[in-house]
There are 2 protein chains.
Amino acid sequence: MRWEDLDQQPCSLARTLSVIGDRWTLLILRDCFLKVRRFESFELRLGIARHILADRLKKLVEAGVLDKVLYQERPRREEYRLTRKGLDLYPVLLAMLEWGDAYMADPEGPAVIRRHKKCGAVLASRPVCTSCGEAVTAHDVSVEAGPGAGDADIYLHAATAVRSSSA
Amino acid sequence: MRWEDLDQQPCSLARTLSVIGDRWTLLILRDCFLKVRRFESFELRLGIARHILADRLKKLVEAGVLDKVLYQERPRREEYRLTRKGLDLYPVLLAMLEWGDAYMADPEGPAVIRRHKKCGAVLASRPVCTSCGEAVTAHDVSVEAGPGAGDADIYLHAATAVRSSSA
DNA sequence: ATCGTTGGTTCCGTTTCCGAACCCTAGAAG
DNA sequence: CTTCTAGGGTTCGGAAACGGAACCAACGAT
C-alpha cells in the first residue's frame, strides 16, 4: 500500500492516518494546541528541517486542519491556526498523551501535567459513550458493516488466511 | 530530531510516537483489535511487505504492546496478542476512527460502524474527566510543569522565537 | 545601500521503505 | 528419504523520504 492510497481505503483509521500519520505532523499539531502559530516557532521548537516543516504545514492546510491567517499587513505576516476540524483532533492527542504518561514516562513522572480547568483536578480522561454515558473499552464495542462498506467485510473480522488461493 | 531520539524527549506525545508513530504500526494495531493474530493474516489484510511487518511486530513486542504467544507445539506456532499496555491504546485508535468517520468518510458514510454493546447504540464517544465526569475539550485543559520536567518549559507555552541568538 | 526578519525553496548526500525473491523449520505425502 | 506445503522470516536493490546547509524574496529599519 502506497502512502497516497491511504485516503482511499475503506477504513476511517487509514484515512485519518493519511492526514496525521506522519512522524512530524502530530508534533506540529501538539504545538498548535500549545498556541504555537508561526513558521519559525515550529522550526525552533521542533528542530525540524525547514523544508519538511513547510511541506507538512502545507499539507495540513490543504487537509483543512490548519488555516493560514493573515494577522498583519506591511510587512505581510501569516500564522497557522487550528480549524474546527483541527481542534476536533484533540481527543486523539489527549489519548496519546495519557498513554505516554502512563507507560513511557520517566520514573519521577511526566514532564507536563494537564489540569482540567472546570474541576481543577489533574486531568485523566477516558472515552465514554455519548448515548449512555458509560465508559468504552475495546471489549465493549462490536463492529458491523456501515453504509460506505463495499466488499470490505475484511474489516469486520479476522481474515482466515489462505495463501495463494482464492480468498 | 532522529526517530530513535523520540523516546528520550520530555514529552509524552513524542514518546508515544516512538512506539506507534509509524505508517504501518497503527494499521497493525487496528487489526489486532479485530482479533487478527497471525503473521500471515496481517500480511494478507494489509498488503505489507513481509520484511516491514516482521520488523514492526518485533518492535511492538519489544515495546510490550504485543505478546508473542505459543499456541501450538509441533509444529511450533506463535501468535501475537495485545497486552494490557496494548489494549490501553484503544482510546487512541477510537479517537482516530471517529475523527476519520466525521471528516474523511465517503458521502454515503463510513465503511464500518461500531456499536456499544452495553446500550446498543451506534458508538460515538468523547473523552470525559475521570474526576468530575465532565467532557474535556482542548479549551478545558491547562498545562503546567510536571515532576519529570527538566528545563522543558518549552512545552508549556508558545516559545518566543529568536533566530540565531541565545534563547 | 545594505542589513535584519520572516518565511520559505533548492540541492545533495544519507536513511529508511518497499517489493520481490530467497531461506529455514517442520510436518505430511508418496 | 525425497519432495511438497505451510508458517514465518531474511536478503537485496531501487525508490522515496529525510536532514543540513545554502540560497531567495518581500519588506522595513539604519
Side-chain angles (χ1 to χ4, degrees), chain A residues 1-6 17-18 21-28 31 36-62 66-81 158-167, chain B residues 1-6 17-18 21-28 31 36-62 66-81 158-167:
Chain A
M1 193 194 313
R2 189 121 261 84
W3 185 240
E4 304 88 51
D5 304 335
L6 269 180
L17 286 174
S18 74
D22 165 83
R23 159 139 86 277
W24 287 114
T25 301
L26 277 166
L27 293 173
I28 291 170
D31 279 4
V36 177
R37 306 207 166 122
R38 307 251 296 268
F39 188 91
E40 195 181 28
S41 305
F42 289 112
E43 186 196 356
L44 274 169
R45 291 166 56 85
L46 296 173
I48 184 175
R50 320 186 86 217
H51 177 209
I52 307 294
L53 176 59
D55 177 72
R56 294 302 184 281
L57 288 171
K58 183 150 67 78
K59 283 184 177 152
L60 284 171
V61 170
E62 282 165 5
L66 297 181
D67 227 356
K68 205 170 176 177
V69 178
L70 191 74
Y71 70 94
Q72 170 184 307
E73 288 278 1
R74 335 210 51 75
R76 185 184 188 78
R77 293 275 182 270
E78 292 161 316
E79 62 183 13
Y80 295 92
R81 310 190 67 128
T160 47
V162 183
R163 172 132 62 167
S164 60
S165 5
S166 67
Chain B
M1 192 194 316
R2 199 131 242 84
W3 185 242
E4 303 87 52
D5 305 335
L6 269 180
L17 287 174
S18 74
D22 164 84
R23 162 138 86 276
W24 287 113
T25 301
L26 277 167
L27 293 174
I28 291 169
D31 280 2
V36 176
R37 304 208 167 118
R38 308 252 294 267
F39 188 92
E40 196 181 28
S41 304
F42 289 111
E43 186 197 358
L44 275 169
R45 291 166 55 84
L46 296 173
I48 186 176
R50 303 168 67 85
H51 179 218
I52 306 297
L53 176 59
D55 178 72
R56 294 303 183 280
L57 288 171
K58 181 149 69 76
K59 283 185 176 151
L60 285 170
V61 169
E62 281 165 7
L66 296 181
D67 227 357
K68 204 169 175 177
V69 179
L70 192 75
Y71 70 93
Q72 169 185 305
E73 283 288 354
R74 336 210 48 75
R76 186 183 187 78
R77 293 279 181 270
E78 290 159 315
E79 62 182 12
Y80 296 92
R81 311 190 66 130
T160 48
V162 182
R163 172 135 61 166
S164 59
S165 6
S166 69

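Each chain gets a letter, A, B and so on, in the order its sequence line appears, and its residues count up from 1. Given the structure is predicted, the values throughout are model-derived calculations rather than measurements.
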How close or far is atom P of C:dC17 from atom CG of B:L46, stated in whole angstroms? 16 Å
Just how far, in rounded Å, is P of D:dG20 from CD1 of A:I48? 10 Å
Within the pair A:Y80 and C:dG8, is there a side-chain N or O less than 4.0 Å away from OP1 or OP2? yes
Whole-Å gap separating C1' (C:dG4) and CZ (A:R77): 11 Å
For C:dG8, does either OP1 or OP2 sit under 4.0 Å from a side-chain N or O belonging to A:R56? no
Scan A:F42 against the nucleic acid and name what it touches under 4.0 Å (heavy atoms): base, sugar-phosphate only, or nothing. nothing
Side chains of B:L6 and A:R23 in contact at under 4.5 Å (non-hydrogen atoms): yes
Grab the CG-P distance between B:L27 and C:dC18 for me, whole Å please. 11 Å
Using side-chain heavy atoms (C-beta onward) and a distance below 4.5 Å, is B:L53 in contact with B:W24? no
Can you tell if the side chain of B:F39 reaches within under 4.5 Å of the side chain of B:R50, non-hydrogen atoms only? yes
Of the listed nucleotides C:dG7, D:dC18, C:dC18, the one nearest the side chain of B:R23: C:dC18
I'd like a list of close polar pairs between nucleotides 10-12 of chain D and the protein, N/O only, cut-off under 3.5 Å.
none

Tell me: CD of B:E78 to P of C:dT25, nearest whole Å? 15 Å
Who are the side-chain contact (heavy atoms from CB on, under 4.5 Å) partners of A:K68, not counting sequence neighbours? A:E78, A:Y80
Is the shortest heavy-atom distance from the side chain of A:L70 to the side chain of A:R77 under 4.5 Å? no
Protein-nucleotide distance (A:L53, atom CG; C:dT10, atom P), rounded to Å: 16 Å
I need the CG-C1' distance between A:L70 and D:dC27, as an integer number of Å. 14 Å
Nearest to side-chain heavy atoms of A:E40, which nucleotide of D:dC18, C:dG8, C:dG7: C:dG7
Using the test side-chain hydrogen bond (donor to acceptor under 3.5 Å, both in side chains), find all partners of B:D67 that sit at least two apart in sequence or belong to another chain. none
Counting just side-chain N and O atoms, does B:K68 come under 4.0 Å of either OP1 or OP2 of D:dG7? no
What's the CG-P distance between A:L6 and D:dA17, to the nearest Å? 12 Å
Checking contacts here: which listed nucleotide (D:dG19, C:dG7, C:dC18) is nearest the side-chain heavy atoms of A:A49? D:dG19
Salt bridge between A:R45 and A:E43, side-chain N to carboxylate O under 4.0 Å? no
Taking only N and O in the side chain of A:W24, is any of them less than 4.0 Å away from OP1 or OP2 of D:dG19? yes
